[in-house]
Amino acid sequence: MDWKFLQKHLSGVNKYSTAFGRIWLSVVFVFRVLVYVVAAERVWSDDQGHFDCNTRQPGCTNICYDYFFPISHIRLWALQLIFVTCPSFMVVLHVAYRKDRERNYQAKHGKHTRLYDNTGQKHGGLWWTYLISLFIKSTFEVLFLYVLHYIYDSFKLPRKVQCDVSPCPNLVDCYISRPTEKTVFTYFMVGASVACVVLNICEILYVIAFRMVTLKQRGSACTASRKIHPGLSSDGC
């Protein structure tokens, strides 16, 4: 998978993100994508080939591997990274839509007219898009953590598993290659995912609090203006 393509398109999100969003993006690429590409993929590259069972029954080893690893950790993390980063494109697309409206408006009314004070400013519909993207990212993070724990019943990989699935002739012992190393990487990726969830929650609270403070200040300014100019309508604020 070409992660440079994803990084190139997500780099534009930094322009519209808060400080928490920039930290989140750094954690995703440094502690998740980079670790995934440089180390984790290689650790799981020989996963099936080195899954060994103490039987010569044809098909038993493959069936047992599929039974205990219905989806590989590495493929599940790849899906997780795609799902948790894609909602950020909602913000980029919304800003692109605003810029297109701005161009059409200026073409119709003149270059000195403006439809938006700042096409990347988070207010109105863009604020809702940004907030919804944060909720979607957090939901996907928690969902994938639950799926990983549900499938493997733990984040720790055992050294030995026992399998009696057909066509195995009886209860056979199967051994996972490099279980300690894989457990370390699993806990690291889970910890990075939890850190991203915490950052998303902090950003959600920050965005909501900042919006409430802005609305409160705007309301106070409107109240003061109406006292000075009693005939000023609420739309004038």
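Since this is a predicted model, take the numbers as computed values, not measurements. Only this structure's heavy atoms are used, side chains among them; waters, hydrogens and symmetry mates stay out. Numbers here are sequence positions counted from 1.
No more than 12 heavy-atom neighbours from other residues, nucleotides or ligands sit within 6.0 angstrom of NE2 on H50. More than 12 heavy atoms of other residues, nucleotides or ligands lie within 6.0 Å of CZ in F155, so this atom counts as buried by the packing criterion.
Within the 3.5 Å criterion, the main-chain N or O of M189 finds no donor-acceptor partner in the side chain of S193. At distances below 3.5 Å, at least one donor-acceptor pair connects side-chain atoms of N104 with backbone N or O atoms of D100.
Counting only residues at least two apart or on different chains, the salt bridge (charged side-chain N to carboxylate O under 4.0 Å, His left out) pairs with a member in residues 133-158 are R32-E141. The ring pair (Phe, Tyr, Trp, His ring centres under 6.0 Å) contacts involving residues 165-205 comprise nothing, where partners must be two or more places apart or lie in separate chains.
If you chain together hydrophobic residues whose side chains sit under 4.5 Å apart, V142 and I71 never meet in one group. Criterion: ILVMFWY side-chain heavy atoms under 4.5 Å apart, direct or through other members. Under it, V43 and V184 are not part of a common hydrophobic cluster. Clustering ILVMFWY residues whenever any of their side-chain heavy atoms sit less than 4.5 angstrom apart, transitively, puts Y67 in the very cluster that holds V161.
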- prompt: Does the pair Y36 and Q80 meet the rule for a side-chain hydrogen bond (donor to acceptor under 3.5 Å, both in side chains), with working shown?
  reply: CA-CA 12 Å; Y36 177 93; Q80 182 180 10; over 6 Å; no
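Sulfur-to-sulfur, C174 and C64 sit at least 2.5 Å apart at their SG atoms.
A distance of 6.0 Å or more separates the ring centres of F68 and Y152.
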